[in-house]
Protein chains: 2
Amino acid sequence: MSLSPTADKARLTRSRRGSRPSGDERELAILATAERLLADRSLSEISIDELARGAGISRPTFYFYFPSKDAVLLTLLDQVVAEADAAAFAPAHEMAGDQEKPWREAITAFFVTFRAHRAVAVAAAQARASNPEVRQLWARVMESWVQRTEEAIQAERDRGTAPSGVPARDLAVALNLMNERVMHAVFAEEQPSMREAQVVDTLLQVWLSSIYHPVALA
Amino acid sequence: MSLSPTADKARLTRSRRGSRPSGDERELAILATAERLLADRSLSEISIDELARGAGISRPTFYFYFPSKDAVLLTLLDQVVAEADAAAFAPAHEMAGDQEKPWREAITAFFVTFRAHRAVAVAAAQARASNPEVRQLWARVMESWVQRTEEAIQAERDRGTAPSGVPARDLAVALNLMNERVMHAVFAEEQPSMREAQVVDTLLQVWLSSIYHPVALA
DNA sequence: TACGGTACCAACAGCGTGTTGACATAGTCA
DNA sequence: TGACTATGTCAACACGCTGTTGGTACCGTA
């Protein structure tokens with residue numbers, strides 16, 4: 001790393017472990033503290049002072065790195081969402097011979113990713129109500145998933161493998177919202193919810209039935 | 001409309017015609033003010049002072065009637081839930097010849113009732129995260145609807161009109177959570193959601209497909 | 001008339017947020 | 001080297017909202 005001879009002079013002489021951590025380290029420390037504390041309590045129950053102390057700085061200094069608690073959560077959510085997006089659409093699941101497999105893989109990918117960051121997922125769902133930026137980020141993300149779902153449903157209908165029913169868009173919205181809500185219930189350990197092991201099978205059952213075997217409504 | 005058990009606890013003040021409005025009138029005024037203000041803003045954005053002013057009293061006097069903002073919402077929610085419960089299970093929808101009709105009527109009943117009190121519904125969903133009493137009330141209510149759904153699904157399976165698939169309980173949980181989430185999205189005018197006219201048909205489609213035409217999972 | 005329950009509020013205490021202004025330290029350039 | 005600028009840092013303040021205290025006014029009953 002330190003290629004120049006003048007660089008380690010400065011490093012070795014003065015800046016032993018006693019000197020201040022860098023700004024980047026501080027920012028990461030705040031993020032890590034936030035995710036850690038969110039495992040136990042909601043964001044509104046966590047004060048900025050706690051976040052700051054956890055990162056080894058004072059409350060006013062917190063404002064140097066983030067404009068608010070919510071901004072911290074927004075950063076965390078951004079990371080998790082990017083991870084989920086990458087996981088769910090990485091190998092561009094093709095509708096080959098098997099009808100079930102690609103749907104199962106996509107649902108599983110979301111489930112696994114959000115389960116790994118359940119604290120962030122639950123906190124974000126709550127913050128959505130009060131914070132316009134979180135709401136907007138989540139809306140954008142949901143919208144993109146809904147559109148992919150709608151396109152996949154429409155493709156199946158066009159291929160003749162799925163019959164028509166309610167508009168593909170509405171069905172896609174309902175199914176994606178169901179996934180969001182069921183996963184949230186499981187992660188937040190709500191009453192009523194279901195065992196983690198049952199989540200993917202149950203959701204998949206509902207998706208496949210309503211896409212491939214819609215009933216004719218009166 | 002004191003249908004609820006928790007709402008009509010012993011506050012049997014009769015209306016003495018004084019210069020001041022009676023306690024009952026004040027309490028109702030607070031409830032009415034709350035529902036009115038909730039149409040525009042979330043509960044956390046409404047101060048107790050506003051609630052008090054709206055009811056024509058001072059902030060400390062508010063505490064004479066309710067221990068907190070959340071208690072006001074809890075009372076409102078109690079009323080709406082009682083109304084929905086009554087509407088959805090009033091004529092004890094029988095599974096007669098028609099498979100679709102009873103499910104459609106139940107889903108429609110919920111939709112109509114909550115739509116009439118959308119502000120309370122949306123506020124309650126938000127308060128659930130932070131308030132244990134709201135959470136508990138909603139959990140109890142959802143649990144009872146899930147149980148009724150599970151029993152109805154199981155009855156259809158026992159009669160041979162619906163094949164087996166995932167456990168009836170898990171399916172009932174997923175379907176009820178979907179209804180909750182979709183209605184919330186519509187009432188809160190979220191992006192993505194759907195037109196109000198499409199809600200019942202879309203939800204019904206998913207319910208009937210997954211109950212009567214479950215696919216065989218791998 | 002006086003007593004107790006109901007209804008009411010001014011004022012206070014406490015907590016959390018967001019801001020200000022001053023100060024420290026490290027790198028840069030004259 | 002010494003002055004300038006960036007980046008960090010924080011004690012102390014202003015503010016808004018919540019929940020409480022301690023006291024007042026009204027009214028039905030005995």
Side-chain angles (χ1 to χ4, degrees), chain A residues 1-31 33-34 37-38 41-74 127 130-133, chain B residues 9-31 33-34 37-38 41-74 127 130-133:
Chain A
M1 290 302 165
S2 57
L3 298 171
S4 83
T6 54
D8 38 328
K9 172 204 68 177
R11 193 172 299 277
L12 289 174
T13 51
R14 248 336 81 198
S15 68
R16 289 176 324 266
R17 274 254 43 94
S19 121
R20 285 199 300 231
S22 77
D24 265 2
E25 286 169 322
R26 246 76 218 253
E27 188 169 330
L28 291 175
I30 293 173
L31 290 168
T33 303
L37 294 182
L38 279 175
R41 294 174 289 153
S42 77
L43 191 62
S44 57
E45 291 166 333
I46 298 169
S47 74
I48 290 181
D49 197 52
E50 288 178 281
L51 250 33
R53 301 278 169 208
I57 54 177
S58 75
R59 200 170 59 77
T61 301
F62 168 92
Y63 288 99
F64 181 83
Y65 293 99
F66 293 96
S68 65
K69 272 192 293 188
D70 285 8
V72 178
L73 177 61
L74 196 66
S130 59
N131 185 294
E133 290 173 303
Chain B
K9 41 184 180 208
R11 190 180 298 283
L12 298 172
T13 43
R14 49 218 147 290
S15 52
R16 71 196 115 359
R17 315 259 139 202
S19 51
R20 286 195 301 229
S22 78
D24 266 2
E25 284 169 323
R26 246 74 218 252
E27 188 170 330
L28 290 174
I30 293 173
L31 290 169
T33 303
L37 295 181
L38 280 175
R41 293 173 288 154
S42 77
L43 191 61
S44 57
E45 291 166 332
I46 298 168
S47 73
I48 289 181
D49 197 53
E50 287 178 281
L51 249 33
R53 301 279 171 208
I57 55 177
S58 75
R59 201 172 58 79
T61 301
F62 168 92
Y63 288 100
F64 181 82
Y65 293 100
F66 293 96
S68 65
K69 273 193 288 189
D70 284 7
V72 177
L73 177 62
L74 195 66
S130 59
N131 185 293
E133 290 174 303

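Only this structure's heavy atoms are used, side chains among them; waters, hydrogens and symmetry mates stay out. Every chain is numbered from 1 and lettered A, B, ... according to where its sequence line falls, protein lines coming before strand lines.
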Start with the C-alpha distance between A/Leu37 and A/Glu50, add both sets of side-chain angles, then the distance that settles side chain to side chain contact (heavy atoms under 4.5 Å, CB included), and finish with yes or no.
-> CA-CA 9 Å; A/Leu37 294 182; A/Glu50 288 178 281; 4.2 Å; yes
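The side chain of B/Ser47 has D/dT18 as its nearest neighbour among D/dT18, C/dT17, D/dG8. For B/Ile57, taking side-chain heavy atoms from C-beta onward, the closest of the listed nucleotides C/dC9, C/dC12, C/dT6 is C/dC9. Closest approach to the B/Ser58 side chain among C/dC9, C/dT19, C/dT6 is made by C/dC9 (side chain taken as heavy atoms from C-beta onward). Listed candidates were D/dC10, C/dA7, D/dT18. Nearest to the side chain of B/Tyr65 is C/dA7. Across D/dG19, D/dA12, D/dT20, the shortest atom-to-atom separation from the side chain of A/Pro60 is found for D/dA12.
In this entry the distance linking CZ of B/Arg53 with P of C/dA10 reads 8 Å, nearest Å. One can place NZ of B/Lys69 at 9 Å from C1' of D/dT18, the figure rounded to the nearest angstrom. Between the OH atom of B/Tyr63 and the C1' atom of C/dT6 there is a distance of 20 Å, given to the nearest Å. In this structure, CZ of A/Phe62 is placed 12 Å from P of C/dT19, rounded to the nearest angstrom. Summarising the geometry, the separation between CG on A/Asp49 and C1' on C/dG18 is reported as 13 Å, rounded to the nearest angstrom.
For the pair A/Leu31/A/Phe66, a side-chain contact is recorded, criterion being any heavy-atom separation below 4.5 Å from C-beta on. Taking 4.5 Å as the limit, every side-chain heavy atom of B/Ile57 sits out of range of all side-chain heavy atoms of B/Phe64.
A/Ala34 and A/Val72 make their closest contact through CB-CG1, 3.6 Å (heavy atoms, listed as atom of the first residue, atom of the second, distance).
Partner assigned to C/dT25 is none, using Watson-Crick or G-U wobble distances below 3.5 angstrom. In this structure D/dA6 sits in no base pair that meets the Watson-Crick or G-U test at under 3.5 Å.
Between B/Thr61 and C/dC9 there is a side-chain N or O to OP1 or OP2 distance below 4.0 Å.
No N or O donor and acceptor, one from the side chain of A/Arg26 and one from the base of D/dG8, sit under 3.5 Å apart. Between the side chain of A/Arg59 and the base of C/dG16, no donor-acceptor pair of N or O atoms lies under 3.5 Å.
Put simply, OG on A/Ser130 and CG on B/Leu43 are 12.0 Å apart, with the number rounded to the nearest 0.5 Å.
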